[in-house]
Every structure is written in C-alpha cells, then in structure tokens.
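We number each residue from 1, following the sequence as shown.
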Amino acid sequence: MQIWTDASFNPKTKDAGLGIMIRQLVKGGIKETRIKLKVKAEDNNQAELLSIYYALQNIKGTPPKEPIFIITDSKIAIDSILYPETKQDKYREISERIRGMLYCENWKIYHKKGHTGNKDRYSLRQALTDRLAKQARE
C-alpha cells in the first residue's frame, strides 16, 4: 500500500487543507482513494503530520502483514515520526499516535520533494496530493 500525503496551511486562519491518496493492491488491480479534509492546525508542520494521521485512519481493515509506504514532502514530519522524543510537544503527540497506528512491522516513510514540475509518476502523485490539500483549505 502507498499513502501519499500533503498539507496546505493558512497562518492567518490556522486552516489546514489535507490531501491524501491511498493506493492499495486489490484483487483485479489497484484501488485508489483520494481524500481532502479541512482541519485546524498550529502550523504547516503540524498540518503535514495530521495528513499522515488522517490517512492512516482511512486504511482500517488492511491486512497486518501488508507493507505500508508513506510518501510525504515534509522532512519535519518524517523526523517527528522516526524520532518523536526529539520534537516539540505539538508534533510529538501526533507523531506518537501515528507510530501507534502503524501496527504492522513492515512500514517505511519516504521523502519526495514537492513542487518539482517533473512528469514522473511519483512527482505527479505528489502534485495531486498538493492540489487536494489546497482545494480542501479553500
């Protein structure tokens, strides 16, 4: 399973748009789920973590042995999940919840640079989650 996430944040209103794309292998092909949510956040980094958190809430019923690959353009979100004890409380709480949701042992989180304009499938998926996040915030 691949989980692509991104967030868009407005510091004046504290509104965050979350863009999520979940790609799962299913019998007969690939199931793709696109989600956009509007939430409140303290800053952009917290919004990026919330996008991962809400994505994981939408994969209930996934077999425990199925590998989960999380792709984000936020290095701070990645560091917060991998090393929550080194982060501020506003990131640590969400990061620890995310780690608790990753019930399988076979998961990895990857950084994919956003806003590259490249046309490879990874850049296009990252651009899609960016658009979903911006649409959700508006």
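- Interatomic distance, Q46 CD to S95 OG, rounded to the nearest 0.5 Å: 9.5 Å.
- T86 has its side chain out of reach of D79: every pair of non-hydrogen atoms, C-beta onward, lies at least 4.5 Å apart.
- Distance check: E96 CD to D89 CG gives 9.0 Å after rounding to the nearest 0.5 Å.
- For K14, the NZ atom sits in a packed shell: over 12 heavy atoms of surrounding residues, nucleotides or ligands are nearer than 6.0 Å.
- L132 and L50 are members of different hydrophobic clusters when ILVMFWY side chains are connected at heavy-atom separations under 4.5 Å.
- Residue L49 holds its CG atom at 10.0 Å from CG of N44, rounded to the nearest 0.5 Å.
- With respect to K36, the side chain to side chain contact (heavy atoms under 4.5 Å, CB included) criterion is satisfied by exactly one of Q135, R131, K134: Q135.
- Environment of OH in Y83: sparse, with no more than 12 heavy atoms of neighbouring residues, nucleotides or ligands closer than 6.0 Å.
- No side-chain donor-acceptor contact under 3.5 Å links R23 to the backbone of E32.
- Hydrophobic clustering (ILVMFWY, side-chain heavy atoms < 4.5 Å, transitive): L25 and I22 are in distinct clusters.
- Taking each heavy atom of K38 and A136 in turn, the nearest pair found is CB-O, 3.4 Å.
- Under the 4.5 Å side-chain contact rule for hydrophobic residues, M101 and L18 share a cluster.
- Note on L102: it does not cluster hydrophobically with Y110, by side-chain heavy-atom contacts below 4.5 Å among ILVMFWY residues.
- At a threshold of 4.5 Å between non-hydrogen side-chain atoms, the residues Y54 and I20 count as touching.
- Note that NZ of K112 and OG of S74 are 15.5 Å apart. Values are rounded to the nearest 0.5 Å.
- Here OG1 of T129 is found 12.5 Å from CD1 of I3. Values are rounded to the nearest 0.5 Å.
- Between I71 and R125 the shortest side-chain heavy-atom distance does not fall below 4.5 Å.
- The line from CD of Q126 to CG of D73 is 4.5 Å long, rounded to the nearest 0.5 Å.
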Going through the checks in order, is the side chain to side chain contact (heavy atoms under 4.5 Å, CB included) test met by Y122 and T116? CA-CA 11 Å; Y122 301 104; T116 63; over 6 Å; no
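- Considering every non-hydrogen atom in both A16 and A41, the closest pair reads CB-CB, 4.1 Å.
- Within a 6.0 Å radius of NZ in K40, more than 12 heavy atoms belonging to other residues, nucleotides or ligands are found.
- The backbone N or O of D120 lies less than 3.5 Å from no partner atom in the side chain of N118, so there is not a single donor-acceptor pair.
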For the pair R99 and W107, evaluate side chain to side chain contact (heavy atoms under 4.5 Å, CB included) and give the outcome as yes or no after the intermediate values. CA-CA 10 Å; R99 288 188 66 93; W107 66 274; 4.0 Å; yes
Could you go through the side chain to side chain contact (heavy atoms under 4.5 Å, CB included) check for Y91 and N45 one step at a time? CA-CA 8 Å; Y91 304 146; N45 296 317; 3.4 Å; yes
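- Side-chain heavy atoms closer than 4.5 Å link hydrophobic residues (I, L, V, M, F, W, Y) into clusters, and following such links, even through other members, never connects M21 to I109.
- Counting all heavy atoms, side chain and backbone alike, E48 lies closest to A77 at CB-CB, 4.2 Å.
- In this structure the side chain of I81 reaches within 4.5 angstrom of the side chain of I52, judged on heavy atoms.
- Nearest heavy-atom pair across K87 and S80 is CG-OG, 3.5 Å.
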Please determine whether side chain to side chain contact (heavy atoms under 4.5 Å, CB included) holds for the pair T72 and H111, giving the CA-CA distance in whole Å, both sets of side-chain angles, and the decisive distance to 0.1 Å. CA-CA 5 Å; T72 178; H111 178 259; 5.8 Å; no
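- Across all non-hydrogen atoms, the minimal contact from D6 to S51 is O-CB, 3.5 Å.
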After noting the C-alpha distance and the side-chain angles of Y53 and Q57, does the key distance pass the side chain to side chain donor-acceptor pair (under 3.5 Å) rule? CA-CA 6 Å; Y53 175 76; Q57 284 189 328; 3.1 Å; yes
